[in-house]
> 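Below is the structure I would like to discuss, written out as structure tokens.
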There are 2 protein chains.
Amino acid sequence: MTTGETATPPRRRDAAKTRRLLLDAAIQRFTRDGYAATTVRDIADDAGVNVALISRYFRSKEGLFEACLTSSVDELRRNTGEAPLSRTPEAIARQIAGPCADGLPYHLVLLLRSSGDEGADRIRLGLLQSYSERLAAVAGWSPGSPEGDDLLLRAQVVLAAAAGIALLRTKTGLGPLAQATEEDLVPPLRDLVEALLKND
Amino acid sequence: MTTGETATPPRRRDAAKTRRLLLDAAIQRFTRDGYAATTVRDIADDAGVNVALISRYFRSKEGLFEACLTSSVDELRRNTGEAPLSRTPEAIARQIAGPCADGLPYHLVLLLRSSGDEGADRIRLGLLQSYSERLAAVAGWSPGSPEGDDLLLRAQVVLAAAAGIALLRTKTGLGPLAQATEEDLVPPLRDLVEALLKND
DNA sequence: GCCTCTAGTAAACAACTGTTGACTTCAAAA
DNA sequence: TTTTGAAGTCAACAGTTGTTTACTAGAGGC
């Protein structure tokens, strides 16, 4: 081997990059194993950096967890945009049925994790709130609308279903659900979305 | 006070009762906080008994967790019986919308908790499997039926939705969903069940 | 070249974890 | 009453946890 490595010059001592490595490793661990079952040494080892850097860059384990949540929230907002969601049940169903590796399901599982910290709870609640409102808007909901709570409730049932599906698929190897492809899942999910968000 | 207590003579040193106290306390803790975030000392304090008795009666923390799962599974089977579920979407919806304090939602949240132990995973999977099969039977599914996987998949989506709803209601204070009464929840859930399990 | 600021390291810390073994105490059998 | 076995207590254990502190080493400005 001549130089090894890829094209990138092996610039060491890159704080921003190290921070990113820690954040990515933490998101994976927290999503897969939960907050309490994950140790800071696990995360540091995955990232290939020293444990003490977690305290340096994120103040504490809880600080790192909050950073994971906001990072996830930001990426989710960036992907789906601020605009109302795609209007067709088909598109919504496809988003829920999408790959667990990234996309909505993956983020939802992380969003369901809890550290017991109040700050983290507020972040989580903020995203769930705004996402369910955008989902309700598909069915004709608007902030001050009459019968608003009913539409919002139905949107949140859709969101809960998405979360439950993501959880059952990744955490248990349940029946045909865990092995189902996106194409398998879209038809039933389209029915589900239509039944709950039909604007009639 | 003359005798205090109820009719039962205050028989102390009751192994069976102590075991029950530990099991009940553990179920509550594991359901609320998860496996890793719960310590054996928490459980023992809640039950008002000594920590060492956990090792004595359940061999280990994981043994206690498995006992919680099987206890929950047993109680669930006892409640819903072996017979096929109530056939009407209304009844199924009502079961999902029921109180989180006990009933199906409460057990589902515990069922979603994980200890990383293989034995526990098998117990969990067993119940989810059998329950989704009974749910699929409502829509006409039977063990060797054609297009069987599709019906089973739809039933598991219903189950996942129930789990997600229970989780969002108890772990986050989300919007109208967390405060919704059974009466609020039944209509949208009836629509959900009908859309997914209609046997046409 | 040297200096300095910061990224990264290593080791230790105190607190907490699940678990164990020797001990005490009660209640029923003899 | 004495004996005996099980129910419950106590204290300590070895390992792990998150965090901090003192330290080393590399990169850019002079």
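Residue numbering restarts at 1 for every chain, and letters A, B, ... go by the order of the sequence lines.
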> Return the value, rounded to whole Å, for the distance between atom CZ of Arg41(A) and atom C1' of dA11(C).
11 Å
> Provide, to the nearest angstrom, the distance between the CD1 atom belonging to Ile43(A) and the P atom belonging to dT17(D).
11 Å
> Within the sub-3.5 Å range, which N or O atoms of nucleotides 6-10 of chain D have a protein N or O partner, and how far apart are they?
{"residue": "dA7(D)", "atom": "O4'", "partner": "Arg13(B)", "partner atom": "NH1", "Å": "3.3"}
{"residue": "dA7(D)", "atom": "N3", "partner": "Arg13(B)", "partner atom": "NH1", "Å": "3.0"}
{"residue": "dA7(D)", "atom": "N3", "partner": "Arg13(B)", "partner atom": "NH2", "Å": "2.9"}
{"residue": "dG8(D)", "atom": "OP1", "partner": "Asp14(B)", "partner atom": "N", "Å": "3.4"}
{"residue": "dG8(D)", "atom": "OP1", "partner": "Thr18(B)", "partner atom": "OG1", "Å": "2.9"}
{"residue": "dG8(D)", "atom": "OP2", "partner": "Thr18(B)", "partner atom": "OG1", "Å": "3.4"}
{"residue": "dG8(D)", "atom": "OP2", "partner": "Tyr57(B)", "partner atom": "OH", "Å": "2.8"}
{"residue": "dG8(D)", "atom": "N7", "partner": "Arg56(B)", "partner atom": "NH2", "Å": "2.6"}
{"residue": "dG8(D)", "atom": "O6", "partner": "Arg56(B)", "partner atom": "NH2", "Å": "3.3"}
{"residue": "dT9(D)", "atom": "OP2", "partner": "Asn50(B)", "partner atom": "N", "Å": "3.4"}

> Would you mind checking if Arg154(B) and Asp150(B) are paired as a salt bridge, meaning a charged N to carboxylate O distance below 4.0 Å?
yes
> Provide, to the nearest angstrom, the distance between the CD1 atom belonging to Ile54(A) and the P atom belonging to dG18(D).
8 Å
> Using residues 156-164 of chain A as the side-chain source, report each donor-acceptor pair under 3.5 Å to any protein atom, sequence neighbours left out, with the distance given to one decimal.
{"residue": "Gln156(A)", "atom": "OE1", "partner": "Leu177(B)", "partner atom": "N", "Å": "3.0"}
{"residue": "Gln156(A)", "atom": "NE2", "partner": "Ser132(A)", "partner atom": "OG", "Å": "3.4"}

> Less than 3.5 Å apart, any donor N or O on the side chain of Asp184(B) or Thr181(B) sitting next to an acceptor on the other?
yes
> To the nearest Å, how far apart are Glu62(B) CD and dT17(C) C1'?
14 Å
> Take the protein atom CZ of Phe65(B) and the nucleotide atom P of dT17(C), then report the distance between them rounded to whole Å.
18 Å
> Take the protein atom NZ of Lys17(A) and the nucleotide atom C1' of dG8(C), then report the distance between them rounded to whole Å.
15 Å
> How close or far is atom P of dG18(C) from atom CZ of Arg29(B), stated in whole angstroms?
12 Å
> Before accepting this row, confirm whether a basic side-chain N of the pair Asp24(A)/Arg20(A) lies closer than 4.0 Å to the acidic partner's carboxylate O.
yes
> Is it true that a side-chain atom of Lys61(B) and a backbone atom of Tyr35(B) form a donor plus acceptor pair closer than 3.5 Å?
yes
> Calculate the interatomic distance between Lys61(B) atom NZ and dT17(C) atom C1'; express it in whole Å.
8 Å
> I'd like to know if the side chain of Arg124(A) and the backbone of Arg113(A) have a donor-acceptor N/O pair within less than 3.5 Å.
yes
> Thr39(A) near the nucleic acid: base, sugar-phosphate alone, or nothing, with a heavy-atom cut-off under 4.0 Å?
sugar-phosphate
